[in-house]
Each structure stands twice: as structure tokens, then as C-alpha cells.
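The next block holds one structure in the form of C-alpha cells; read it before the comments.
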Amino acid sequence: MAAGSSSNVNENIPVFEYKDINTKPFHVGSFRTAWLEKLKPIDYSYEDKYEENEDADFAKEMGIAPETLDELKAICRQRKKKQDYKGTLRIDKISRVDHYQDELESLAVGKRPEDPVDLVPEGEIILSINVLYPAIFERFRYVRPHMTLQMLGSHSLVDLRDAICCISDLQVFGEFSNTPDMAPDFISKDHFKSAFFYFEGVFYNDMRHPECQDMSETTIDWAKTRDFPTFHKAKMEDTRFYDLKVKVGYPYLFCHQGDCEHVVIITDIRLAHKDDCLDRKLYPLLTHKHRVMTRKCAVCHVYIGRWLTTNDPFAPNDPCLFCERCFRMLHYDKKGNKLGQFLAYPYVDPGAFN
Amino acid sequence: MPNGKAKDRFLKPLVADYEELLGRFQQTESVRFEEFTAIWRNMGFSSVFYGSLAGNEMREFCHLTLTMAFNYFLPPYSFQIRVGGLYLLYGLYHTQLASPKEKIRIALKDWEQIQKFYQDSVNSQHYDAVYIIRKLIAENAVLYTAMPQMLTFRVKKKPQHHKVCEEFRDRPERVKDLISTDMLQEVANIQGHHERLKASVLERSSIAVTQQDLPARLHSCVLEFLHWQDRHENHGDADHLVYAEEKAQQVESSNRAQLLASIKTKSYGCLAEASRSRRHRQVEMDTSISGTGYIKQAPKYHKSRAPSLKARTNKNLCGEGQSPGFRCKVNNSLFDFEAVDPYNDTVRAVVELIRVVHNVNEWHGTQLLLPEQKEGSCVVR
């Protein structure tokens with residue numbers, strides 16, 4: 001039964017392409033309709049089903065006598081063990097680290113919106129998406145630092161794009177030793193707005209702003225000259241998750257800032273459940289995020305480094321990290337004149353999103 | 001994370017516990033929930049969730065228990081084991097200590113199987129199984145997903161496939177699936193049609209291309225096979241004991257087979273249900289034949305066993321002229337390297353090497369015997 005693809009007439013049923021690794025591509029919207037067809041609406045609704053009604057329906061359907069029903073209920077109930085407290089009660093104190101470790105997950109569970117308009121409708125699809133940090137280091141061998149987002153099927157890809165926080169978006173480029181106060185005006189996020197997603201041979205470009213370019217052009221043209229199947233293009237803002245045809249568990253690409261690439265894996269697609277967070281406003285929901293170590297100032301070791309200097313006669317090593325205060329104190333006099341010759345770059349710490 | 005992830009640590013013991021529980025359930029030869037709960041309470045199975053687990057591990061562990069238990073709810077297991085799997089899921093869902101409760105994930109591809117199972121239970125009037133399925137769905141214990149587990153493309157880690165426990169497997173229904181009643185019906189129709197056409201074309205049908213009584217013969221073949229299966233399983237226990245002495249790993253299952261044989265001879269549980277393979281004969285069938293929890297021993301002997309270590313070593317060292325200078329005989333644990341050509345320099349060198357290696361104690365507990373007669377040979381045992 002493992003990869004039984006040949007026997008599946010309906011290709012909207014996801015099956016394994018490689019067992020336990022990823023599935024074959026399927027259309028998300030059709031998957032949802034397939035489930036909704038098979039279930040009665042009451043199966044996936046959020047309300048508590050009243051027990052007596054359920055049992056009465058059951059008895060009617062099966063045509064069994066009420067005595068049998070009572071017997072069934074008596075047999076199938078859950079018996080609670082008598083717990084003797086005091087003597088054997090153990091309170092496990094969870095250490096603070098563990099408690100907060102996955103607090104993100106439990107933060108939004110079971111939340112209901114105040115305004116019923118914002119309620120996630122029954123039968124809505126929830127996707128869990130892992131976005132991996134751009135991993136170019138050797139030390140990411142055993143751990144794959146990622147952030148997990150939960151999204152609704154009716155969100156579009158731009159919602160996903162906006163929810164991904166990457167430090168390369170905050171980076172400021174340029175040398176600012178002469179004008180240290182002007183640095184914050186040039187965040188990369190505002191300059192370079194192009195981005196694209198790649199799912200199953202289609203590039204979804206972000207075309208919301210006039211200065212966005214089509215970054216996938218290069219790749220598509222290159223692929224035409226080589227022996228690749230033709231790729232297609234689409235707009236990110238017009239595509240919802242329901243329109244996508246994807247494989248679950250298979251890595252895809254998100255590229256922004258020209259060369260900052262993230263691997264995107266859709267880990268799970270399912271119908272919404274009573275215990276999920278049902279407030280639309282809270283989606284895209286962050287359920288997991290890897291913390292990155294922050295690097296502190298070389299001088300005080302207290303504040304996070306903000307400036308990177310090179311060719312600096314005042315600094316102990318090259319390049320050297322300084323926090324705002326130490327940087328000013330060391331390199332500029334009271335009037336703000338630059339002392340000595342050095343190059344200074346604004347530094348964004350990778351742990352800025354912790 | 002101390003000592004690795006929950007999944008690695010707890011997988012094997014959990015599966016062992018499940019198989020113990022389901023094995024006991026199988027022996028009761030019944031599908032009643034009371035029997036199951038008796039075994040559950042006996043084993044104190046709720047205590048599987050006790051023990052101090054760090055932080056979020058409890059949730060991971062509950063997820064793992066439910067995922068592993070769900071495997072027993074699907075084919076290729078026999079009906080009784082599947083019912084046991086269902087009861088197991090019900091029990092685990094309610095006794096779990098994670099809060100809010102960890103849900104049971106059902107993938108779209110498995111839904112058909114579950115519906116079939118539900119229909120079978122309804123038809124055989126196993127109301128406790130039916131009630132429990134409905135209760136689980138009504139309690140919102142089920143998450144309707146695309147895939148049974150969350151997939152994160154962990155290619156490097158070897159994915160651990162669920163090993164189907166052979167003892168719980170259902171009898172192979174391949175013959176019955178191939179030649180179903182529908183198919184026989186159709187064959188009979190086509191046969192009749194062919195005969196009529198032939199009669200209308202030729203006055204005297206001396207040409208007989210087809211066998212006249214094909215459907216009847218197919219039917220009798222199938223019945224014969226089913227009979228044979230039954231008989232083989234009933235006798236299989238006795239035959240099995242002969243083989244059991246030789247193989248160490250069969251000992252446990254032979255004990256169970258003996259136990260089962262003794263239970264069968266004593267008395268049969270009064271099962272109202274006819275096994276799935278017998279459903280088409282339910283009217284005439286006597287309920288004295290017990291249900292579906294057969295131990296499938298017979299196919300084990302038909303399966304070709306992988307060549308033993310001895311055979312493989314022989315093949316590797318002596319076969320195909322790979323080592324022209326040596327002949328190697330493997331007797332139990334002895335390696336007899338016999339130099340065919342003792343005056344060959346290479347051969348001598350190898351023998352020297354063996355001596356050196358042995359001196360370095362690489363082969364623990366080995367003895368190097370150098371018989372005087374044949375120079376250039378040695379025995380390592």
C-alpha cells in the first residue's frame with residue numbers, strides 16, 4: 001500500500017512519492033474538496049456534539065434496542081482511576097528553558113476572535129510551512145534552524161512573504177563613518193523589494209510595487225538554453241494556497257534581496273480543528289523559531305553590536321564590533337567630529353528577531 | 001536534548017508493548033471491548049504516559065504513541081487486530097496526559113480503508129467497534145490531514161518504516177480477490193453468450209474452443225484453495241513444531257502456536273462474526289470455527305530464506321575464482337584457508353599476514369593452528 005499510485009484514480013489524494021519523505025504533487029484546493037465530500041459537515045465542525053443526540057442517532061441508525069445502547073455506553077466509558085494524592089503526588093518542575101522552548105506553539109492554541117467575522121471558517125485548510133534560514137555554514141549539520149508558520153488556505157503567497165523575517169531585509173549597505181547619523185534611512189527591505197517563490201516548476205514573482213523586478217527571468221532564460229523542462233511564471237499576489245499544486249514535505253525555494261535564498265518546506269496540510277487558533281487576524285501564525293546567538297560589543301560585552309569597523313587603529317582586531325555608545329565614545333569627539341581614519345559599517349545582528 | 005529525541009528513544013519499546021497487548025488480545029479470540037479493557041487494566045497500560053518528561057516532550061511522546069498505534073488500524077492486519085488497534089487508539093487518546101489532547105491524524109488516502117472497516121463492523125454487528133469510531137469522531141479527536149505524519153524532508157536520517165508484525169497479518173486473500181463472485185458471474189455470462197452465438201452460427205457445434213464448465217471449475221478451485229488454507233492452518237501448528245527446534249527465533253511463536261492449538265481444542269469462543277474471507281458462505285457456516293486471529297505460520301516456509309552467513313562467506317571467499325591461490329572452507333565457525341599453491345609468493349605473503357594479524361589479536365578468541373603437513377596453510381578458528 002506504500003506508494004500505491006497506480007491504483008489511485010483520483011490524483012487529488014496525496015500519496016507518497018518516496019515513502020515517509022515526500023508526496024507527489026497535488027492541488028491543494030481539490031484536496032480540500034475531496035475531504036469535504038467524504039465527511040459530514042458535523043464531523044469537522046467546531047461545536048461540541050451533544051452526547052444524547054449522538055447516542056440517539058446511533059441507536060436509530062443501527063436499529064438496536066436502548067438496553068443494548070446503555071450496555072455499550074457502560075462498557076465503553078472511560079474509567080478514572082482512583083488517585084491517592086499527598087503520598088504519591090509528584091510535581092515535576094519544568095525548567096524555565098524548557099517551558100519557554102515551545103511556548104510559541106501553545107501561545108495561540110484555542111484562541112477565539114472577539115469579532116465573529118474573523119472566525120476561521122469550518123473546513124478551512126491550515127498549512128504548516130517550514131522556512132529554513134539561509135544555511136551556508138558547516139555548523140548547521142545536525143540542526144536545521146527554521147521558523148514554522150501556520151497559514152490558512154485562503155491566504156495568498158504575499159502573506160507568506162511578509163511573514164518571513166530574514167535579517168538580510170534589515171541590512172544597510174554602505175560605509176557610514178563620515179555620516180553615522182544617516183544610517184537608518186537605507187534599509188534593504190525598502191530598496192530591494194523583489195522576491196519570488198518557486199513551487200513545482202512555476203516561479204511566483206512579487207509584483208506589487210513598481211520597482212519590483214522579475215527576478216526569475218534570468219533563471220528561466222538560462223533554463224531554456226539547457227536541457228530543462230520549461231518553467232512558468234505567475235504573480236505572487238494573485239495566487240492563493242488553494243491554487244497551488246505542491247508536494248508535501250518537499251523543499252522549494254524563496255529568494256529575495258537578489259541572492260538571499262531560503263528553503264521552504266510545506267510540512268503539513270489539514271483541515272481546521274476546534275483546538276486550533278481560530279482568529280484570522282493572528283494568521284500567519286509563528287509556531288516555532290530558532291534562536292540565534294547574538295554577538296555583543298567587543299568593548300562592554302553588554303549591548304548588541306551595531307557597528308562594524310575595519311582599518312580601525314582604535315580597535316583591537318579587524319573587523320571589530322561595537323555597540324552604539326562605545327562606537328561614538330571611541331571614534332567621535334563631543335562635537336561629533338570623526339577621530340582617526342577608519343571605515344564603519346552598520347551591522348545587523350542575526351539574532352535581531354529573537 | 002538529553003539522550004536524543006523522544007522518537008528514537010521510545011519507538012522500539014513502544015512497539016514491543018503494543019505487540020504484547022495485541023498479542024494477548026489476539027489470544028482471546030474475540031473482538032469485544034470488555035476483553036480489551038481487561039487486558040489493558042491487567043497490563044496497566046495507562047502507565048505508559050507516566051514518568052517525567054522534559055518540557056514539551058510529553059506532547060511529542062503522545063503524538064508518537066498515537067501515530068504508532070494507528071498503524072495497527074490499517075491493512076494488512078487481520079480484522080481482529082484492526083479492532084484491537086481501534087480500541088488501543090481510543091484508550092490512548094483518553095489516557096494521554098498532554099493537554100490540550102494530542103489528536104489522531106487520519107490521512108485522506110486511508111479514509112477508504114477506514115470506511116470499509118466501518119461497514120464490515122456494521123454488517124457483522126460489532127456495535128462496540130462502531131460506537132467507538134463514532135465517539136472518536138464526535139469528540140473531535142480526529143485531524144483530517146494530507147499525510148499521516150508531518151514531513152520535513154529528512155533524507156539523511158533513515159526513515160523507520162513500520163514493520164508489519166507477521167503474526168497479526170491477515171490471511172492472504174489474493175485468490176479470492178482475483179476470482180470474486182462478480183467475476184465468476186461475468187465469466188458465466190460470457191460463456192453463455194458464446195455458446196448461444198456458436199449455436200446460432202453452426203448447427204453442430206463440434207468445435208469446442210472453450211471449456212464447457214469453466215465457471216464451475218473456477219469456483220471449485222477457489223473453494224478447494226480456501227479449504228486447503230484452513231486445513232493447513234489447523235495442521236500448521238503441528239507441523240510447525242518440527243521446524244521450531246532448529247530455528248531459535250521461531251521458539252516464541254511456536255509456544256504461542258501450541259497455546260493456540262490447545263485453546264482451540266478445548267473450546268471455541270462463540271463469535272457471532274464470520275471472518276471476512278468466509279462472508280460469502282456465512283449462511284451455511286458453523287460458528288464453531290473460530291474467527292480471524294490466525295497465526296500465519298505457513299508462508300514462512302515458502303518464503304526463500306536469505307542465504308546464511310556460512311553460505312555467503314563461502315560464496316564470497318571461494319566462489320567465482322576471486323582468490324585463485326586459496327581455497328576456503330567454512331565449517332561452522334572455522335575458516336580453513338588452504339593454500340592451493342604453497343610456493344606462490346603471494347600466497348605465502350597472505351599466510352604471513354594472517355599470522356601477523358592474529359598476533360595483533362584482531363580476531364578475539366581465535367586460535368591459529370598451523371598444521372605441519374601442509375606448508376602455507378593455517379586454520380583460524
Side-chain angles (χ1 to χ4, degrees), chain A residues 1-2 4 8 12-16 18-23 26 31 34-35 38-39 42-44 46 48-49 51 54 58 62 64 68-69 72-73 75-76 78-79 81 90 92 94-95 97-99 101-102 105-106 109-110 128 130 144 248-251 265 267-271 273-275, chain B residues 32-34 37 41 44 46 50 52-60 74-76 87 90-91 94-95 100-101 103 105-113 115 122 125 127-128 130-132 134-135 137-140 142-156 159-162:
Chain A
M1 278 293 152
N8 265 335
N12 291 322
I13 299 180
V15 286
F16 281 118
Y18 298 104
K19 185 141 201 313
D20 284 340
I21 304 224
N22 65 285
T23 64
F26 64 95
F31 160 75
W35 255 132
K38 295 190 198 289
L39 299 174
I42 200 160
D43 290 337
Y44 54 85
Y46 299 149
D48 280 323
K49 287 116 194 148
E51 261 197 62
E54 258 299 302
F58 176 66
M62 300 293 135
I64 57 177
T68 334
L69 181 64
L72 270 176
K73 278 170 67 174
I75 296 169
C76 299
Q78 295 298 315
R79 292 172 211 217
K81 269 173 72 170
R90 271 191 67 191
D92 281 330
I94 310 169
S95 69
V97 173
D98 292 334
H99 183 67
Q101 195 166 40
D102 281 303
E105 259 187 48
S106 46
V109 166
S128 297
N130 275 10
R144 290 198 295 183
V248 172
Y250 195 72
I265 304 180
T267 52
D268 182 33
I269 303 184
R270 59 178 175 82
L271 291 180
H273 189 271
K274 183 169 75 111
D275 283 343
Chain B
R32 299 274 77 85
F33 189 62
E34 300 116 323
T37 45
R41 274 196 292 278
S46 319
Y50 297 169
S52 53
L53 291 170
N56 214 36
E57 271 194 13
M58 173 52 82
R59 171 158 288 280
E60 251 182 75
L74 298 170
Y87 295 156
Y90 184 64
H94 278 281
T95 53
K101 289 204 185 284
K103 311 281 182 297
R105 299 173 68 96
I106 299 189
L108 187 58
K109 62 183 172 76
D110 298 326
W111 186 250
E112 286 300 321
Q113 301 291 337
Q115 286 301 100
V122 169
Q125 301 185 330
Y127 292 129
D128 42 12
V130 174
Y131 182 75
I132 283 180
R134 291 176 67 113
K135 191 146 191 274
I137 293 180
E139 283 171 337
N140 283 327
V142 173
L143 272 181
Y144 303 102
T145 70
M147 279 289 136
Q149 290 229 46
M150 298 186 69
L151 305 168
T152 48
F153 206 67
R154 288 252 168 214
V155 198
K156 295 278 167 65
Q160 289 153 325
H161 299 305
H162 173 75

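Below, chains carry the letters A, B, ... as their sequence lines are ordered, and counting in each starts from 1.
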Can you check whether A/Thr267's main-chain N or O pairs, donor with acceptor, with A/Ser128's side chain at less than 3.5 Å? no

Hey, does B/Phe33 have a side-chain heavy atom less than 4.5 Å from the side chain of B/Tyr131? no

Short side-chain to backbone donor-acceptor contact, A/Trp35 and B/Thr145, under 3.5 Å: yes

Check whether B/Glu112 gets within reach of chain A through its side chain, its backbone, both or neither, counting any heavy atom under 4.5 Å. side chain

Would you mind checking which part of A/Asn130 comes under 4.5 Å of any heavy atom in chain B, side chain (CB onward), backbone (N, CA, C, O), both or neither? side chain

Going by atom types only, do B/Tyr144 and A/Lys38 share a side-chain donor-acceptor pair under 3.5 Å? no

Cut-off 4.5 Å, heavy atoms of chain B, and the answer for A/Ile265 is side chain

